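Report on one structure; see the data block that follows.
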Amino acid sequence: MSPLRWDVLGAALLFAVPVLLLGAVGVLDTDDVVDRLPWCLLAGWVTSSVLRAVFPAPKPAPKQRRRPHPVEADAEA
């Protein structure tokens with residue numbers, strides 16, 4: 001499973017918001033913010049993996065074959 005899927009990146013962004021806000025306010029230094037962002041990506045990957053394991057993707061509905069339409073005879077004949 002790739003760590004760069006959209007669901008993983010979305011969850012990582014969600015986990016990174018508090019870290020980025022703490023860096024913007026000045027509670028965390030830039031080095032601390034940069035050090036913690038990979039952990040946010042890891043947390044997003046773990047969360048996405050657990051959710052995919054618990055809630056598997058639904059199976060696609062089977063495709064129905066189309067039957068050929070019978071050719072109608074001319075009404076004038």
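Quantities reported herein were computed from a predicted structural model and do not represent experimental measurements.
- Linking Ile, Leu, Val, Met, Phe, Trp and Tyr whenever their side-chain heavy atoms come within less than 4.5 Å puts V8 and V54 in one cluster.
- Closest approach of A11 and G44 over heavy atoms only: CB-CA, 3.7 Å.
- Atom CZ in F15 sits 10.0 Å away from atom CG in L42 (nearest 0.5 Å).
- L41 is not connected to L14 by any chain of hydrophobic side-chain contacts under 4.5 Å among Ile, Leu, Val, Met, Phe, Trp and Tyr, and they are in different clusters.
- Of all heavy-atom pairs spanning C40 and A16, the tightest one is SG-CA, 3.6 Å.
- Among residues at least two apart or in separate chains, side-chain hydrogen bond (donor to acceptor under 3.5 Å, both in side chains) pairs with a member in residues 6-29 are R5-D7, D7-S48, D7-R52.
- A single hydrophobic cluster is seen to contain both V50 and L9, as judged by linkage of ILVMFWY side chains at heavy-atom distances under 4.5 Å, directly or through other members.
- Only one option out of D31, L22, L28 pairs with R36 in a side chain to side chain contact (heavy atoms under 4.5 Å, CB included); it is L28.
- Cluster annotation: L51 and V46 are assigned to the same hydrophobic cluster (Ile/Leu/Val/Met/Phe/Trp/Tyr, side-chain heavy-atom contacts under 4.5 Å, transitive).
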